[in-house]
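The block underneath contains the structure these notes are about, expressed in structure tokens.
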Amino acid sequence: MADEKRERPVPPYVPWKTFETYLDGLKAFGPTLPNVIDRDSMRNFSGATQSWLLSGLRSLNMIDDEGVPKARLKQIAHATTDERKPMLRQLIEAEYQFLKGI
């Protein structure tokens, strides 16, 4: 059984506060986000945290494999805290459907 492939993706671990801090920091780029989300947009985080954030953003389908931001990242990054809550809930429910019922 150890040879069986996992059918469910394992979400990367990113501390929630770190994720929120990164999203808030994206506002510093102004009305548009960088063309590519990479380590340069995360300079105030450690290397390990940068890796976690990139994996988390990919896992949540907020950036593509090349780091190009998707519309949902732009919307969430520029939203107020109150606007962001339902957006994040929708995002997590959509991307981690395998968690339903747990």
Exercise. Is there any salt bridge (charged side-chain N to carboxylate O under 4.0 Å, His left out) pair reaching into residues 73-85, and which pairs are they, with sequence neighbours excluded?
Worked result: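 The answer is D24-R84.
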Measure the [atom1]-[atom2] distance between [X] and [Y] for me, rounded to the nearest 0.5 Å.
X	Y	atom1	atom2	answer
I76	L91	CD1	CG	5.0 Å
E93	L88	CD	CG	11.0 Å
L26	T21	CG	OG1	11.0 Å

Exercise. In chain order, what residues pass the salt bridge (Lys or Arg N to Asp or Glu O under 4.0 Å) check against E20, with sequence neighbours excluded?
Worked result: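 For E20, no residue satisfies salt bridge (Lys or Arg N to Asp or Glu O under 4.0 Å) once neighbours in sequence are set aside.
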Exercise. Of the non-hydrogen atoms in P34 and I37, which two are nearest, and what is the gap between them?
Worked result: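 Smallest heavy-atom distance, with atoms named: CD-CD1, 4.1 Å.
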Exercise. What pair of heavy atoms forms the shortest contact from G30 to H78, and how long is it?
Worked result: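 So the minimum-distance heavy-atom pair works out to O-NE2, 2.8 Å.
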When the side chains of residues 65-72 are checked against the rest of the protein, which donor-acceptor pairs come out under 3.5 Å, sequence neighbours left out?
| from | atom 1 | to | atom 2 | distance (Å) |
| --- | --- | --- | --- | --- |
| K70 | NZ | N61 | OD1 | 2.5 |
| R72 | NH1 | L60 | O | 2.9 |
| R72 | NH1 | E95 | OE2 | 2.8 |

For this session: Return the set of residues passing ring-ring contact (aromatic ring centres under 6.0 Å, His included) with F19 (not counting sequence neighbours), or none when no residue passes.
Result: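 In terms of ring-ring contact (aromatic ring centres under 6.0 Å, His included), with neighbours along the sequence ignored, F19 is linked to W16.
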Quick one: do [X] and [Y] end up in the same hydrophobic cluster if we chain Ile, Leu, Val, Met, Phe, Trp and Tyr together by side-chain heavy atoms under 4.5 Å apart?
X	Y	value
M62	F29	yes
I92	L23	yes
V36	L33	no

Exercise. What do you reckon, is CG of D40 surrounded by more than 12 foreign heavy atoms closer than 6.0 Å?
Worked result: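 It does: D40 CG has more than 12 such atoms within range.
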Problem set entry | Partners passing side-chain hydrogen bond (donor to acceptor under 3.5 Å, both in side chains) against S46 (at least two apart in sequence or in another chain) |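 For S46 the side-chain hydrogen bond (donor to acceptor under 3.5 Å, both in side chains) partners, ignoring immediate neighbours, are T49.
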Under 3.5 Å donor-acceptor pairs involving side-chain atoms of residues 50-57, not counting sequence neighbours:
| from | atom 1 | to | atom 2 | distance (Å) |
| --- | --- | --- | --- | --- |
| Q50 | OE1 | R39 | NH1 | 3.0 |
| Q50 | NE2 | M42 | O | 3.0 |
| Q50 | NE2 | F45 | O | 3.1 |
| S51 | OG | R39 | NH2 | 2.7 |
| S51 | OG | G47 | O | 3.4 |
| S55 | OG | S51 | O | 3.1 |

